[in-house]
Amino acid sequence: MEGLIGIKAKKKGATITIVVVAVIAIAFGGMAAYQANHFNKGVAINGVNVGGLTVSQAMSKLENGKLDNTVKVGNQVIYQGKQTVSGVTAQDEPEVKAILKKQFTLIPTSKAKNYNVSSNQNNQYRTTDLRNAVQQKLTAMNADRTPARDACAVLKDGTVSVEKAKDGNQYNVKAMMKEYDNQVNDDHIDLKAIIAKPVTESSQQVENEKTKLQDLANATVDYKVENQDYNLPAKQMITSAKYVNGKYQINSKALADKIDQINKSQSTLGKKFNFKTSNGNTIQVQGKTYGWAIDTKSAVASILKAYENGTKTVDAKNNIYGIGYNENGTGYGVTSNDGIGDTYAELSIADQHAWFYRDGKLVDQVDVVTGNVQSHNDTPKGVYYIMYKQSPSTLKGVGYNGQAYSCKVQYWAQFTNDGCGFHDAWWRTNWAKDAYLTQGSDGCANIRPDQAGQVYNSLSVNEPVIVY
């Protein structure tokens, strides 16, 4: 009997177990079916809560959803945009269904999770107007905040050191706008306050800067000015420097001062020339248009570029300038005869005579009539150069009598900025040595027509003209 009762008990227990399992299976099946058709409780789409809803119910809520367009940073509202619709339409239902499958869990969960639907009806207001307004607002707010200071390498007095970084409280606008883009389809936009961090002393960027500045400090250039070489070590010529965004920022005042010293020592523009006349006298004549000088800005740029590129030699001939027709300067490289050289024209007002030299040899000489002394149209004294030659030519201007003139000549060679030059004067009848005192020219050196051609051919453009 006990055995029979025991068997029955076991059979009864098995029956209960089967029943329980069946009940659980039915329950799980129902739950699975429910889960397959309903969103989990914590799920939101584009910031709209769709927890517990079917796809159809969710679509209805999304299609009628409104976007507040309030933008916050933390708890602070920084911009209040106009209200717009969510932009989700029936065309987006396949994407909502895909989210349903993606969020599915057999066991229900309340974990918050937001999914974004890239609406086929794109939210232009969010992606353009509102985005631009938020970016401008963040940028404007930064104006009242302290920027972080990046660590950076500095070259000063020949030594490379590192300036330490300093924290600030300005927003990292780029990072915050990236966060904005991640929330662009949400019903509201809450941005985290992301503070811009400075570049640190140990960064690779600072290491690169140190290397570039050390290379710069070790550079040296020989600056060649005519027959003189000047050694210019960067350590001495660069007052300070940084390397920012792939470019050097250099304080080159010391280098500019050095170029100015070289200019004073060697340039000929505006200097007084020591000149030995054809009569054997040594005189001083003030330089006017003839000569050259170094353009300090151009020279500094050339030398700094050489430092950066590792070039060892720079020739000043690319940095010189002058005045008059030839703005590139005249006489650079000429060192004999105090910078005048051995090819020149010499004009004596007192002697009313001109001499023309080529390579140190006298090739021609003629009597002239210069500017009228009585009318204060004297031929100006100084060291000039032949600016240009023209044959034939028409001379135009206003004479010392106040009358405008236009006169054709066969030969013309100008040497002053205001129009004085050598030319034939077919109209002149008075060629006396004292004609210039009362019947002189308007400032030019008049030459007899039968001699003008030979003089013209003996002159060359840019050669010096010494008037005394």
Tell me if the centroids of the rings in F422 and F356 come within less than 6.0 Å of each other.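 Between F422 and F356, the centre distance is under 6.0 Å.
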Which residues pass the ring-ring contact (aromatic ring centres under 6.0 Å, His included) test with [X], not counting sequence neighbours?
{"X": "F273", "answer": "Y290"}
{"X": "F275", "answer": "Y344"}
{"X": "Y248", "answer": "Y243"}

Under 3.5 Å, is there a donor on one side chain and an acceptor on the other for [X] and [Y]?
{"X": "S278", "Y": "Y357", "answer": "yes"}
{"X": "D342", "Y": "N337", "answer": "no"}
{"X": "D364", "Y": "N457", "answer": "no"}
{"X": "N231", "Y": "D222", "answer": "yes"}
{"X": "Y223", "Y": "N319", "answer": "yes"}
{"X": "Q80", "Y": "T70", "answer": "yes"}
{"X": "D257", "Y": "Q261", "answer": "no"}

L304 vs S302 side-chain heavy atoms within contact, under 4.5 Å: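 With C-beta onward as the side chain, the pair stays apart.
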Any Lys/Arg nitrogen of [X] or [Y] sitting under 4.0 Å from an Asp/Glu carboxylate oxygen of the other?
{"X": "K197", "Y": "D167", "answer": "no"}
{"X": "R131", "Y": "D181", "answer": "yes"}
{"X": "K212", "Y": "E209", "answer": "no"}
{"X": "R358", "Y": "E463", "answer": "yes"}
{"X": "K317", "Y": "E226", "answer": "no"}

With M387, which of N417, T330, T416 fulfils side chain to side chain contact (heavy atoms under 4.5 Å, CB included)?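 The passing option is N417.
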Quick one: does NZ or CZ of K389 land under 6.0 Å from the six-membered ring centre of Y456, within 45 degrees of the ring axis?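 Yes, a cation-pi geometry holds between K389 and Y456.
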